[in-house]
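Below is one structure, written out as structure tokens; comments come after it.
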Amino acid sequence: MTGPAVALRRRPVIPSAALGMLLFVFSEAVLFSGLISAVTIARASAAVWPPVAEVPLPVAVTACNSAVLLASGLLLLLAARAHRNSLPHTRALLLGSMLTGGFFVCFQGYEWVDLLRQGLTMRSSLHGGFFYLIVGAHALHALAGLSVLSVAYVRLHQGRLKGDFLAATQVLWYFVVVLWPFLYVRVYL
């Protein structure tokens, strides 16, 4: 059999679950583009940004925490490759991705508590409002990503993890990971 009939029987290049997640991620990228645009306009309109009396953001410590999130993305990439090749260390790599991602989120929470204690709130200034709005929106996406990673881990442990689900998980988590450096530069620097 040749021609169009053979082409119809081939699996799609992108699994449907991953394609659905890509569409969702695209809509979320539009949301974050709007938030980044808003803070950029606010910064350009201000004489000094952040305000002089504002609580300083922990730039260096958050840069280190950012490296932890990037490592989480790398571990997921290695876990997906190991899963495709049915390697036994897939579970350890996926768990490592979850744990490093979880550390990132917990450390961000610690950072928030410290900044709140120092007086940086959503109402303290436009800078504080944008900080909590943008970083908080990212944190919600990171929590959603960690939830999906957890489901993938449970399915892997049970021997039921399908490549399509893992591909969709990768799309969501890579969005969280790749988006963060852009937010870090815009919000922290």
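We use all heavy atoms of the structure for the numbers below, so side chains are in, but hydrogens, waters and symmetry mates are not.
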4.5 Å side-chain heavy-atom contact, F32 and F175: yes
Distance (rounded to the nearest 0.5 Å) between W49 CH2 and T40 OG1: 10.0 Å
Where A80 and Q170 come nearest, the two heavy atoms and their spacing: CB-NE2, 3.3 Å
L94 side, atom CG; L75 side, atom CG - distance, nearest 0.5 Å: 9.5 Å
Derivation of the side-chain contact (heavy atoms from CB on, under 4.5 Å) call for R155 and K162: CA-CA 8 Å; R155 288 184 179 183; K162 305 269 189 239; over 6 Å; no
4.5 Å side-chain heavy-atom contact, P51 and L126: no
Between CD1 on residue I36 and CD1 on residue I134, distance to nearest 0.5 Å: 6.5 Å
Atom of A42, atom of F130 and distance for their closest heavy-atom approach: CB-CE1, 3.5 Å
Pairs satisfying side-chain hydrogen bond (donor to acceptor under 3.5 Å, both in side chains), at least one member in residues 117-137, at least two apart: E54-S125, D114-R117, D114-Q118
Ring geometry between W180 and F104 (parallel below 30°, tilted from 30 to 60°, perpendicular above 60°): perpendicular
NE2 on H157 to CG on L161, rounded to 0.5 Å: 13.0 Å
Pair W112-F107, side-chain contact (heavy atoms from CB on, under 4.5 Å): steps then yes or no: CA-CA 9 Å; W112 275 34; F107 195 84; over 6 Å; no
Shared hydrophobic cluster, L74 / L69 (ILVMFWY, side-chain heavy atoms < 4.5 Å): yes
Cluster check V68, L146: I/L/V/M/F/W/Y, side chain < 4.5 angstrom: no
Transitive ILVMFWY side-chain link W173 to V151, under 4.5 Å: yes
Flag, side chain of S97 to backbone of S72, donor-acceptor distance under 3.5 Å: yes
Listed partners of Y188 passing side-chain hydrogen bond (donor to acceptor under 3.5 Å, both in side chains), at least two apart: E111
Residue pairs fulfilling side-chain hydrogen bond (donor to acceptor under 3.5 Å, both in side chains) with at least one residue in residues 135-145, sequence neighbours excluded: E28-H141
Interatomic spacing from CG in L93 to CG in L77 - rounded to 0.5 Å: 10.0 Å
Same apolar cluster (I L V M F W Y, side chains within < 4.5 Å links), L172/V154: no
Verdict with supporting geometry, V177 and L70, side-chain contact (heavy atoms from CB on, under 4.5 Å): CA-CA 6 Å; V177 171; L70 293 172; 3.7 Å; yes
Of all pairs that satisfy salt bridge (Lys or Arg N to Asp or Glu O under 4.0 Å), the ones with a partner from residues 71-87, not counting sequence neighbours: none
Side-chain touch T90/N85, heavy atoms, less than 4.5 angstrom: no
Smallest separation among heavy atoms of L120 and F131, with atom names: CD2-CD2, 4.2 Å
Smallest separation among heavy atoms of L35 and A137, with atom names: CD1-CB, 4.4 Å
Less than 3.5 Å apart, which donor and acceptor atoms pair up between the side chains of residues 17-24 and the rest of the protein, not counting sequence neighbours?
none

Non-hydrogen side-chain atoms of S45 and I41 separated by less than 4.5 Å: yes
Same apolar cluster: V185 and L57, side chain cutoff 4.5 Å: yes
Nearest heavy-atom neighbours spanning G73 and Y174: O-CE2, 3.5 Å
4.5 Å side-chain heavy-atom contact, V113 and Y110: no
Where Q108 and T62 come nearest, the two heavy atoms and their spacing: OE1-CG2, 3.8 Å
Those residues that, when tested against L99, pass side-chain contact (heavy atoms from CB on, under 4.5 Å) (two or more places apart): L95
Derivation and outcome, side-chain contact (heavy atoms from CB on, under 4.5 Å), residues L166 and L156: CA-CA 10 Å; L166 184 56; L156 178 66; over 6 Å; no
